[in-house]
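Written below as structure tokens is the structure these notes are about.
The structure displayed is predicted, hence computed values, not measured ones. This chain uses plain numbering: 1 for the first residue, then up along the sequence.
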Amino acid sequence: MAKFKYEIPYQRNKNGKYRFFEILPGSLSWLILSLPFVLSFINVTLAATLMIAYLLLWFVKAVALNIRVLQGYKMLDTHQKLDWQALVTDLDQQDVEHKHFPDWHHVNKKRQIDNPNGIYSENVVHAVIVATYNEAYEVLKPTMENVANSLYDKKKMIVLLAYEERGGPEVAAQAKKLMAEYKNVFMAAEAFEHPADIEGEVIGKGGNITYTGRQLEKIVDKMGLNPRDVLVTTLDADNRPHESYFASLTYVYCNVHDPKYMSFQPIPMFTNNIWDAPAPMRVIATGNSYWMMIQGLRQHMLRNFSAHAQPLDALIDTDFWSTRTIVEDGHQFWRSYFAFDGKHEVIPIFLPIYQDAVLADGYRRTLKAQFIQLRRWAWGASDISYVAKYAFMKKTKNDNIPLHDRIAKFARLLDGHVSWATSPLILAFGAIMPWVFNQTSFTANQLPQISSRIQTVAMVGILITLFLSFKILPKKPARYKRSRSVFMVLQWVLLPLTTIFYSSFAALNSQTRLMFGWYLGKFDVTEKAVVKADGATVSSYEEKQ
């Protein structure tokens, strides 16, 4: 196929315009953070007025987010109770009616008859690519078992383990041994080694899964399968899909319009090991799970994240995933968006894919690993310059996409990253800045009190958070006493600190690095530790020169 034309430019090929948009998010974030200081000197009344307006805006947003998280949880709970395999079966039996199915199923069934999209469940094959670097057998084995225990025909599933040559001979031996255990379980089960030091690739997951994706293309061709009938789901080593995920994905794929131009995003839930993780990590993991539920209800904002699915024919057309970025998941949305002239959507799959909260071997290493993980996620700010290049720059812009759509998507991307970096700090400290510099001003003295009242009312949402945090918890391991549940409540006093020191500072770190050209040159793999039933810890940590 022709060379994919919407690649991230190499450093040597970045011009001044591209660098401007790399600098833009960080400069905006630091400018916004400086405004409470600057305005407090210039006009304290103006500073106080803007601060109150900002607080009221976020109060409204907080109310909306709390409503959304309740809606998201209800949707997740409802979809987990559905018999998706029965729905798929009934979809193909066009002369049978089952009144016990949801009303929307009959609507979908009629639409498929009247306006078929060309995808039929009997032809759908699921390919699963599991990426690993140095994760322990105790991390990978439950993931493979989880896929094998799915409520879906295993003889219509291809499972591939993508491992790294740079992981060393032990990783290679482990990968081959593990996949040999599933040789007769799936339609195909193989392990593929991604060669180290391929020219032009950053060290990251993108290169690994792209290499295995190209091997998948050969397997599919050899089997005589149509790439449009093959749905590819990428998983990290610790990702465990809900048992009905593949059936639900099949159902949705058979019903969407323009199936080639769709990605599918399940709900990441960071709860695998949440009873074992330290309190700050539990707060962050639960907050991230809630955010993913909310995003599932905001389809215009939804992007690929971590585990996601896309048809093989679309992946072939985009030359799989980017090998030049460490955030290949979210970036895949933009590759597809430009490659298909704006005809690309991300469809939510309201079933969980369970993932690990951050847990390393030791408390200090865990704290560090959490920051590194969030900084890597925040490196998605690097997509701002990429989107600007292909949306607006004269020689490369895609004029086939309506201008208003390009502007809207760019604005949302920029706003999301700037808000990520600035909002927690402004909400925490913005109201006291006028008072610090104008202690004799009546307005400056009143502002902290007004701010406190607004935020006190907004904190009612914590009760919703607390309630749902217990609803999404897995069963408590027998090794923990009842007191562990008490700490699951008390941990929420850490929310302001985790939001500032992890969320905001991680985003600022990434954006500032981007400003000065201090690029993250490799994918910093999050160390994964597993606490066994006897309390012993097995870690993937390994120092590499």
Side-chain angles (χ1 to χ4, degrees), residues 7-14 18 22 26 129-136 139 161-172 175 192-213 234-239 304-306 319-332 334-335 356 358 360-361 365-386 417 502 505-529 539-545:
E7 285 288 6
I8 297 172
Y10 291 117
Q11 306 301 342
R12 61 182 178 272
N13 297 327
K14 292 179 179 178
Y18 198 92
E22 285 189 332
I129 298 178
V130 181
T132 183
Y133 169 48
N134 65 347
E135 287 80 11
V139 173
L161 183 61
Y163 69 96
E164 297 278 7
E165 180 186 17
R166 61 191 175 89
E170 296 85 0
V171 168
F192 290 101
E193 181 179 82
H194 174 227
D197 304 320
I198 294 179
E199 185 179 358
E201 289 189 1
V202 301
I203 297 175
K205 178 182 169 185
N208 188 11
I209 59 177
T210 289
Y211 181 83
T212 297
T234 60
L235 300 178
D236 287 343
D238 62 329
N239 292 181
N304 307 92
F305 177 82
S306 188
D319 195 20
F320 296 91
W321 299 269
S322 175
T323 62
R324 300 185 188 180
T325 179
I326 65 170
V327 284
E328 88 301 324
D329 47 3
H331 183 71
Q332 181 63 14
W334 299 113
R335 284 169 73 86
D356 285 357
V358 172
D361 189 8
R365 282 225 297 262
T366 299
L367 294 176
K368 181 180 178 181
Q370 180 70 84
F371 184 85
I372 290 173
Q373 182 194 68
L374 292 175
R375 183 182 67 182
R376 187 180 72 239
W377 292 2
W379 194 250
S382 60
D383 278 337
I384 292 170
S385 48
Y386 174 86
H417 282 281
Y502 281 100
F505 283 2
L508 277 174
N509 184 293
S510 284
Q511 293 175 25
T512 304
R513 283 174 168 270
L514 203 56
M515 279 178 67
F516 292 103
W518 303 331
Y519 300 107
L520 293 178
K522 66 174 184 175
F523 186 107
D524 292 306
V525 179
T526 303
E527 179 187 348
K528 298 186 188 302
S539 174
S540 64
Y541 179 75
E542 181 181 356
E543 288 286 356
K544 290 189 178 292
Q545 300 299 324

Spacing of [X] atom [atom1] and [Y] atom [atom2] [to the nearest 0.5 Å]:
X    : Y    : atom1 : atom2 : value
I326 : W377 : CD1   : CH2   : 13.0 Å
Q332 : T210 : CD    : OG1   : 8.0 Å
N208 : I129 : CG    : CD1   : 9.0 Å

* All side chain to side chain contact (heavy atoms under 4.5 Å, CB included) counterparts of P195, not counting sequence neighbours -> E165, I198, Y211
* With S322 via side chain to side chain contact (heavy atoms under 4.5 Å, CB included) - residues at least two apart -> E7, I8, R324, T325, H331, R335
Flag the pair [X] / [Y] as yes when at least one side-chain heavy-atom distance between them is below 4.5 Å, and no otherwise.
X    : Y    : answer
V202 : F523 : no
W379 : D524 : no
E164 : E193 : no
L520 : R376 : no
E527 : I372 : no

* To do: Go through the structure and list residues passing salt bridge (Lys or Arg N to Asp or Glu O under 4.0 Å) with K522, not counting sequence neighbours.
  => none
* Residue list, salt bridge (Lys or Arg N to Asp or Glu O under 4.0 Å) with D383, at least two apart or on another chain -> none
Closest heavy-atom pair and its distance - [X], [Y]:
X    : Y    : answer
A507 : A378 : CA-CB, 3.7 Å
D236 : S306 : OD2-OG, 3.5 Å
W321 : T234 : CZ2-CG2, 3.3 Å

* Structure fact -> Residues passing the side chain to side chain donor-acceptor pair (under 3.5 Å) test with T323, sequence neighbours excluded, are none
* Structure fact -> For E201, the side chain to side chain donor-acceptor pair (under 3.5 Å) test, sequence neighbours excluded, returns H194
* Determine, for K528 against E135, whether the closest basic-nitrogen to carboxylate-oxygen distance falls under 4.0 angstrom. => no
* To do: Output yes when a side-chain donor or acceptor of S385 lies under 3.5 Å from a complementary backbone atom of S382, and no otherwise.
  => yes
* Cation-pi check, R166 onto Y133 ring (under 6.0 Å, within 45° of axis) -> yes
